[in-house]
Amino acid sequence: MDDLSTIRSAALGAIEQAADLAALDAARVAALGKKGSVTGLMKTLGGLAPEQRKEFGARVNQLKGEIEGEIEARKSALGASTLAAKLASEKVDVSLPARPEGHGTLHPIGQVMDELAAIFGEMGFTWADGPDIEDDWHNFTALNIPPDHPARQMQDTFYLPQRADGTPMVLRTHTSPVQARTMLDKNVQKMLADGGALRIIVPGRTFRIDNDATHTPMFHQVEGLVIDRTTHMGHLKGCLYDFCRAFFEVDELPFRFRPSYFPFTEPSAEVDIGCSWKDGEVRIGAGDSWLEILGSGMVHPNVIASCGLDPAIYQGFAFGMGIDRIAMLKYGIPDLRSFFESDLRWLRHYGFSALEWPSLTQGLGR
Ligand code: DAH
């Protein structure tokens, strides 16, 4: 009897004093565990006379129930106070100013591609793509540069192993093969046959064996192509003049066509824009120097025929321009190689806000 009340007060005392769940569990084990005090009492029942066993057994069971009840009560009290302590210590002060987040920037090349899409998009051009790894036929032969033609030497090509079927492969040296890919497209041919006009720009990566301050083995070009039945050289000149004025944001831009040669155009012209040089820096739009910015011409009848269209019916113009080059000129970036070094300081300086989408009405550049 004494035993029982001593065990009871020891067990209830330990439960009450348990400061956390671990201490509470220790108290539970001390009373109800395999070697616990209450379990010990249970074990003595076997040695008692039946009358005593019944009466004492009932009291031990009652004690066991009481202790279990106290443990549960203490457990929820401890749980509630732990939660309360946690809530108090982790209180959010909603009046604090937000922490500044680091913002990424758009690379000037992506920015200029978006500007090209905005300007040519207004003129009715759509964006077309082609593969970086190109076959020799699309890169050269279809564009009126047959095998062994000396014009192949104008482009320092990365030749790749032939395909299993013997097709010679290259890293495309220009975006011009997408001209051929698009004209060969059956849907495009049907659209042209129905009297429509093809107008595409092809911004993308190009590759040549070249490496100095103004040449990198990988660079970017944008191709332009218009094919219909009536487009002539006057349209070419107007289109490129409007483009240059919009892109460089100079209304009175000095602009000239200079006769040139490309195998895939006849006649061919290069475009120069007016600029001035001061302290090694170029200023577009004024002065007495000329800067070459692109190649262009009327698509050669051989190219139109190679691409499955009748040159007696269809005609049009094409142009090709270095995206990196016009980005350097517009945004005053001196070294082309820095474009591809992924230096975050450079990107922070020359990069563009991702939220300012270029458009002709809201502004193109910075
Ligand atoms: N593909 C030429 C090059 O990379 C650039 C070019 C010139 C493209 C004249 C054209 C064009 O479409 O008409 O050197």
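Counting starts at 1 for both ligands and their atoms, following the listed order.
For ligand 1, the protein residues placed under 4.0 Å by at least one non-hydrogen atom are Gln155, His174, Ser176, Gln179, Arg208, Gln221, Glu223, Phe262, Phe264, Thr265, Gly295, Ser296, Gly297, Ala318, Phe319, Gly320.
A salt bridge links Glu66 with Arg8: at least one charged nitrogen is closer than 4.0 Å to a carboxylate oxygen.
Residues Tyr241 and Phe255 place their aromatic rings such that the two centres sit under 6.0 Å apart.
Between atom CZ of residue Phe243 and atom CD1 of residue Ile326 there is a gap of 4.5 Å, rounded to the nearest 0.5 Å. With rounding to the nearest 0.5 angstrom, the CE atom of Met42 is 8.5 Å from the CG atom of Leu63.
Judged purely by atom type and a 3.5 angstrom limit, Thr39 has no side-chain atom pairing as donor or acceptor with the backbone of Lys35. No side-chain donor-acceptor contact under 3.5 Å links Arg181 to the backbone of His138.
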